[in-house]
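All of these numbers come straight from a predicted model, not from anything done at the bench. Chain A is the first sequence line, chain B the second, and so forth, proteins listed ahead of strands; every chain is numbered from 1.
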Amino acid sequence: MTLPDGSVRELEPGTTGAALAASIGAGLARAAVAIRVNGEIRDLVRPLADGDQIAILTERDPEALPLLRHSAAHILATAVRKLFPGAGIGFGPSIDEGFYYDFEVPRPFTPEDLEAIEAEMAAVIAADHAFVREEVSREEANRRFADDPLKLERISELGKDETITVYTDGPFVDLCRGPHVPSTAKLKHYKLLSGAGAYWRGDSNRQMLQRIYGTAYFKKDDLTQHLFRMEESKKRDHRMLGKQLDLFLFHPVAPGAAFWTEKGTVIYNALNDYMQELQRDGYREIRTPLLYNKALWETSGHWGKYRENMFLVLDNETNEHDMSLKPMNCPSHHLMYAAKKHSYRELPIRYVTYDVLHRNEVSGALSGLTRVRQFAQDDCHIYLMERQIQAEVHRLVQFISKYYETFGLKATLKFATRPEQRIGSDALWDEAERALRHALEATGQPYELKAGDGAFYGPKIDFDVEDAIGRKWQLGTIQLDYNAPERFDLQYVGDDNAEHRPVVIHRAVNGSFERFIAILIEHFAGAFPLWLAPEQVRVVPISDAQHEAAEAMTATLRDAGIRATLDDRNETLNYRIRDGEMAKVPYLAVVGQREAEGGTVAVRARGEGTKQEVIALTAFTARLVEDVRARKLG
RNA sequence: GCCACUGUAGCUCAGGGGUAGAGCACUCGAUUCGUAAUCGAGCGGUCGUCAGUUCAAAUCUGACCAGUGGCUCCA
């Protein structure tokens, strides 16, 4: 057998991974979680064969964590079966952030149930049950799971040639492909998080099961960090901060559509201004109608595939719902392009629109600003020749990266290639993928390949950003589209005086303003950098004697374009300082007798406590103006 | 859309078959203060909406509306 370092070991036939690990060292034997045999991850207890390529997996291997979590799901089921005899069992996989298991029980699990179950899991772990793998015949499997209709259903779907395996840990037997960690004692750091209803097979026509979510890690620190992140997410929830900081609100009369307060609107406009500033170079901002006859959606293909997500509007003359609010801008952009004849000399043509869009999301999907029915994208469509793709994508990647950097968001690029379901010839896809990949590599930025994850009409680059507490959000996208130009019969006249098809690039950076602002609120925990802060400076006179001076200073700041307010309420200084800090205003400019006389302000920066700086108002103003201009972060 | 839970003052929340409570915010008065809550008084609610049960409903029941979590990252 060959080990990862290339060394070869001779072993008795039938030796298991566990025995191999033990023969290498006692430490490795203890740390071993599973074994990779010829690229396939297996249980340690399975026998090895002559000539196998072997790698022993320990908790340090990234592939090991899902095994632990999947095993945790079994341990959870073991505990639930003990406390709720007769509970039906569904699926219990590991997921990105942990694991879950679905149970068929007469009532939902309560938080108290979860506590009891978690305690019972500790008992299962203490018992140190080995995970025993067995290969069984279909008949045997049906016999074993005679009381588990959900498992029987799954067994009936397995192909004739598939090996059916079951895993046993102590009293619990489960139909399972495996593999698992060697025994229940491997699970040390885990936490049950929540219970929720979930349909069997995700089908709302099937019965509702009760799902328990949990998470597990090899290291205590990792679990602690995960739980901390959950806590921190709760504290930063944009729905709570939005209310607290008075940025936006929702009302039952317009579900899924935000009302922006004057403060929220400042942020919205600041983002829009920045976007426009970055796009002065070569972009054409246009506006198109919000309401269209269905003819447009028939051309674009939305009428057939997307209609249930569109808001249809009754046309009184025809008495038909044959008008619709636009759910996206692309068709209207294509229309604008097609309205004129274009020379190759004009390309690329870049249309940008910030119009409001409506999509009829199902009611249960709505959530704060992140899932809404009305929103605005920074929507751009670029019409260009194939040979321009590389340069254009290069330009876009740099632009988008720069944009995210301004907010201190770390972006990761994902390159998504042709999916199974697609349109267009392979030659076209080859060309499109080649052009995208070259452009990507030219930027020098690392990227991750997501094979088969492209749009049905073309490959794409997605931007995942990581926020201040390490959460990932999918934001920007650059998509090549060969389909739309066909549907809309888009053309340009080439240097050969013949008509040619342009290619379309769809591009969004914010995704939607609504969702992006939600992400920013959580990223900054409501403490926006100066250029985004709705209220940038709050002038706080110490007593009435400085009222006039403070008023004049506020006016000076405002004249310089700074969003300054005056807090001359009849409250103590302490009260107003506290209020300013809680409102997360970047600067409090305190004006006492000394400052009023000297034309200075005592500046208290947000979160810096009493570390104040007394500075001439003119110098302070100049600094603020510069920081806003530079969109300085902190 | 479906399931579970939730809906009481502008906000956060307590209460609960017999005429509605707190803190903060707001208004007024006193206080004029050097860096995270000064004191006092006052204003403020058809207890999400509509029905039903009851002598009596904010409380119990149902429907609806809205919000929150979830609804295969396949044994």
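Nucleotides of RNA chain B nearest to A:E581 and A:A365 differ in position, and the one nearer the 5' end is that of A:A365. Place A:P252 and A:K151 on RNA chain B by their nearest nucleotides, and A:P252 ends up nearer the 5' end.
Aromatic rings from A:H180 and A:Y167 are positioned such that their centres are separated by under 6.0 Å.
Side-chain atoms of A:R578 lie closest to B:rA36 of the nucleotides B:rG34, B:rC71, B:rA36. Among the nucleotides B:rG34, B:rA37, B:rG1, the one closest to the side chain of A:V362 is B:rG1. The listed nucleotides are B:rC71, B:rA25, B:rU72; the one nearest the side chain of A:Y100 is B:rU72. The listed nucleotides are B:rG70, B:rC26, B:rU35; the one nearest the side chain of A:L573 is B:rU35. Nearest nucleotide to the side chain of A:I577, out of B:rA36, B:rC33, B:rA25: B:rA36. The listed nucleotides are B:rG70, B:rG34, B:rG69; the one nearest the side chain of A:I542 is B:rG34. Considering only the side chain of A:S367, B:rG69 comes nearest among B:rG69, B:rA25, B:rA36. Among the nucleotides B:rG34, B:rA66, B:rU38, the one closest to the side chain of A:N574 is B:rU38. When the nucleotides B:rU35, B:rG70, B:rU72 are ranked by their closest atom to the side chain of A:Q612, B:rU35 comes out on top. Comparing B:rU32, B:rU12, B:rG34 against the side chain of A:E595 picks out B:rG34 as the nearest.
Comparing B:rA58 with B:rC71, their P atoms are spaced 38 Å from each other, to the whole Å. Look at the C1' atom in both B:rA20 and B:rC47: the space between them is 8 Å, to the nearest Å. Here, B:rG44 and B:rA22 have their C1' atoms 14 Å apart, quoted to the whole Å.
The pair A:E40-A:R42 counts as a salt bridge, with a side-chain nitrogen and a carboxylate oxygen less than 4.0 angstrom apart. Under a 4.0 Å N-O distance rule, the pair A:R538/A:E535 qualifies as a salt bridge. A salt bridge is absent between A:R418 and A:D453; no separation between the charged side-chain nitrogens and carboxylate oxygens falls under 4.0 Å. Salt bridge absent: A:R138 and A:E162 never bring a charged side-chain N and a carboxylate O closer than 4.0 Å. Between A:K472 and A:D464 no salt bridge is recorded (no basic side-chain N to carboxylate O distance below 4.0 Å).
Within the nucleic acid shown, A:T572 comes within 4.0 Å of at least one base atom, counting heavy atoms only. Residue contacts for A:L150: at a heavy-atom cut-off of 4.0 Å it reaches no nucleic acid atom on any strand shown. Counting non-hydrogen atoms under 4.0 angstrom, A:A545 reaches nothing in the nucleic acid. Nucleic acid contact class of A:P93 (heavy atoms, under 4.0 Å, all strands): none. Residue A:G607 is out of contact with every strand shown, counting any heavy-atom pair closer than 4.0 Å. Residue contacts for A:Q210: at a heavy-atom cut-off of 4.0 Å it reaches no nucleic acid atom on any strand shown. When heavy atoms are screened at a 4.0 angstrom cut-off, A:S156 is found touching no nucleic acid atom at all.
Applying the Watson-Crick and G-U wobble criteria (two distances, each under 3.5 Å), B:rC33 pairs with nothing in any strand. Checking B:rA20 for Watson-Crick or G-U wobble geometry (two distances, each under 3.5 Å) identifies no partner in any strand. Under the Watson-Crick or G-U wobble criterion, with both distances below 3.5 Å, B:rU27 is paired with B:rA41. Under the Watson-Crick and G-U wobble criteria, each requiring two contacts below 3.5 Å, nucleotide B:rC50 is paired to B:rG62. Remark: B:rU72 base-pairs with no nucleotide in the shown strands. Criterion, Watson-Crick or G-U wobble with two distances under 3.5 Å. Nucleotide B:rA14 forms no Watson-Crick or G-U wobble pair with any nucleotide shown, as no partner meets the under 3.5 Å limit on both distances. Checking B:rA57 for Watson-Crick or G-U wobble geometry (two distances, each under 3.5 Å) identifies no partner in any strand.
Going from atom OH of A:Y213 over to atom C1' of B:rG70 covers 6 Å, rounded to whole Å. Per the geometry, CE belonging to A:M208 stands 11 Å off C1' belonging to B:rG1, to the nearest Å. Note: CZ (A:R177) to C1' (B:rC74) measures 8 Å, nearest angstrom. One can place CD of A:Q244 at 14 Å from P of B:rA25, the figure rounded to the nearest angstrom. Taking atom CD1 on A:I95 and atom P on B:rC71, their separation rounds to 8 Å, with Å as the unit. Distance, A:E571 CD to B:rG40 P: 13 Å, rounded to whole Å. Taking atom CZ of residue A:R569 and atom P of nucleotide B:rG29, one finds them 16 Å apart after rounding to whole Å. Atom CZ of A:R239 and atom C1' of B:rC11 are 17 Å apart (whole Å).
Applying the 6.0 Å contact sphere to NZ of A:K414 captures more than 12 heavy atoms from other residues, nucleotides or ligands.
OP1 or OP2 of B:rA36 sits under 4.0 Å from a side-chain N or O of A:R604. The phosphate of B:rU72 (OP1 or OP2) has no side-chain N or O of A:Y101 nearer than 4.0 angstrom. In this structure, A:K243 reaches the B:rU12 phosphate: one of its side-chain N or O atoms is under 4.0 Å from OP1 or OP2.
For the pair A:R422 and A:F456, the cation does not sit on the ring face, since its NZ or CZ is not both under 6.0 Å from the ring centre and inside 45° of the axis.
Between the side chain of A:R211 and the base of B:rA4 there is no donor-acceptor pair of N/O atoms closer than 3.5 Å.
Test A:E466, A:H523, A:E232, A:E522 against A:R471 for side chain to side chain donor-acceptor pair (under 3.5 Å) and you get one pass: A:E522.
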